[in-house]
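Just so it is clear, the values below take in all heavy atoms, side chains as well, and ignore hydrogens, waters and symmetry mates.
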Amino acid sequence: MPDIDEIKEQVAQSCRIIGKEEMTREPAGHVSARIPGTEHIVIKGRGPGEAALRYTTPDDLMIVDMAGKRVAGRDDLTSPNEVYIHTWMYRTRPDVNCVIHVHPTNVVLFTICNKELLPLIGAYDPFALQMVLDGIPRYPRSVLISDDQRGQDLATVMGAKNVCLMRGHGITAVGGSVPEATITAWRLNDLAEINYRAALLGNPEPIPDEDIEAFRNQVRGARPRAEGQPSSAPVYQNSTWRYLTRWIEE
């Protein structure tokens with residue numbers, strides 16, 4: 001079980017990855033992680049002393065309870081207005097230990113144009129393909145998730161999936177760990193970028209049905225699913241997380 005210093009370091013690393021990848025409009029966006037064995041979470045603070053995601057350190061994080069109330073943190077930081085995204089995911093999803101909410105430009109474009117992300121890639125990134133095949137839910141409103149009712153509504157729309165698009169707003173991504181949730185958000189952003197560029201070039205053509213079925217069979221045989229776990233839950237890839245955490249330090 002990771003200790004709280006390790007959790008804070010991973011959350012800060014996730015923020016810096018998202019910032020350096022320009023997956024959000026700075027400084028908007030936040031990452032959180034459940035503190036095991038407690039009703040508390042670590043989350044990036046906002047307010048007068050907040051850092052841009054690209055420059056987040058453990059000192060820029062705070063601890064809040066499942067109501068979003070401060071437990072510990074600097075006086076110049078407060079919990080995000082949309083802390084309810086995080087608290088409701090943790091309340092309703094015991095499998096979730098990290099929640100990410102950011103505003104990737106290309107994803108937002110797809111939501112406001114009511115365009116679906118197509119299964120354009122196969123071997124390029126089978127895990128991103130699996131997200132599309134499983135279906136990516138959409139939260140239909142373009143409002144701040146700034147109270148319990150909206151947090152609950154978002155959690156209901158997201159269900160057991162690990163990503164959700166939010167119309168004219170951004171995304172929410174979750175995972176069983178900080179690396180898993182971060183890689184999921186990173187893959188979704190890349191998938192949207194590929195779809196966007198392909199649409200600019202011409203008429204994007206999904207990969208053939210026989211290839212889709214081959215990847216479905218591969219996923220079915222690769223790993224058993226826990227009860228209630230979506231098939232889109234990505235296998236945690238140590239090499240990807242090592243790459244991303246070294247890349248942000250360059």
Quiz item: Do the side chain of Arg93 and the main chain of Gly159 share a donor and acceptor less than 3.5 angstrom apart?
Solution: yes
Exercise. Among residues two or more places apart or on two chains, list those pairs meeting ring-ring contact (aromatic ring centres under 6.0 Å, His included) that have a residue in residues 59-85.
Key: none
Quiz item: Ile194 versus Tyr124: any side-chain heavy-atom pair under 4.5 Å?
Solution: yes
Quiz item: At their closest point, which heavy atom of Ile112 faces which heavy atom of Gly168, and how far apart are they?
Solution: CG2-CA, 3.5 Å
Quiz item: Is a side-chain N or O of Asn162 found less than 3.5 angstrom from the main chain of Gly175, in a donor-acceptor match?
Solution: no
Quiz item: With sequence neighbours excluded, what pairs up with Leu133 under the side chain to side chain contact (heavy atoms under 4.5 Å, CB included) test?
Solution: Pro119, Leu129, Gln130, Ile212, Arg216
Quiz item: Could you walk me through whether Ser32 and Val11 pass the side-chain contact (heavy atoms from CB on, under 4.5 Å) check?
Solution: CA-CA 6 Å; Ser32 72; Val11 170; over 6 Å; no
Exercise. Quick one: do Glu250 and Arg246 satisfy salt bridge (charged side-chain N to carboxylate O under 4.0 Å, His left out)? Show the steps, please.
Key: CA-CA 7 Å; Glu250 292 178 351; Arg246 289 190 65 178; over 6 Å; no
Quiz item: For residues 157-179, which residue pairs qualify under ring-ring contact (aromatic ring centres under 6.0 Å, His included), counting only residues two or more places apart or in two chains?
Solution: His101-His169, His103-His169
For residues 58-73, please give each side-chain donor-acceptor pair under 3.5 Å, one per line with the distance, not counting sequence neighbours.
unit_1, atom_1, unit_2, atom_2, d
Asp59, OD2, Arg74, NH1, 3.1
Asp60, OD1, Arg74, NH1, 3.1
Asp60, OD2, Thr57, N, 2.9
Asp60, OD2, Thr57, OG1, 3.1
Asp65, OD1, Ala67, N, 2.9
Asp65, OD1, Gly68, N, 3.1
Asp65, OD1, Lys69, N, 2.9
Arg70, NH1, Gly73, O, 3.3
Arg70, NH1, Arg74, O, 2.9
Arg70, NH2, Leu77, O, 2.2

Quiz item: What's the verdict on salt bridge (charged side-chain N to carboxylate O under 4.0 Å, His left out) for Arg187 and Glu180, showing C-alpha distance, side-chain angles and the deciding distance?
Solution: CA-CA 11 Å; Arg187 291 184 187 283; Glu180 183 179 300; over 6 Å; no
Practice problem: Identify, with sequence neighbours excluded, every residue that meets side chain to side chain donor-acceptor pair (under 3.5 Å) alongside Gln13. | Solution: none
Quiz item: Same cluster or not: are Val108 and Leu200 linked, directly or through other Ile, Leu, Val, Met, Phe, Trp or Tyr residues, by side-chain heavy atoms under 4.5 angstrom apart?
Solution: yes
Quiz prompt | Closest contact, heavy atoms only, Trp241 versus Ser14 | solution = CH2-N, 4.2 Å
Quiz item: Who passes side chain to side chain contact (heavy atoms under 4.5 Å, CB included) against Tyr55, sequence neighbours left out?
Solution: Ala52
Practice problem: Grab the two heavy atoms, one from Leu188 and one from Met131, that are nearest each other, plus how far apart they are. | Solution: N-CE, 4.0 Å
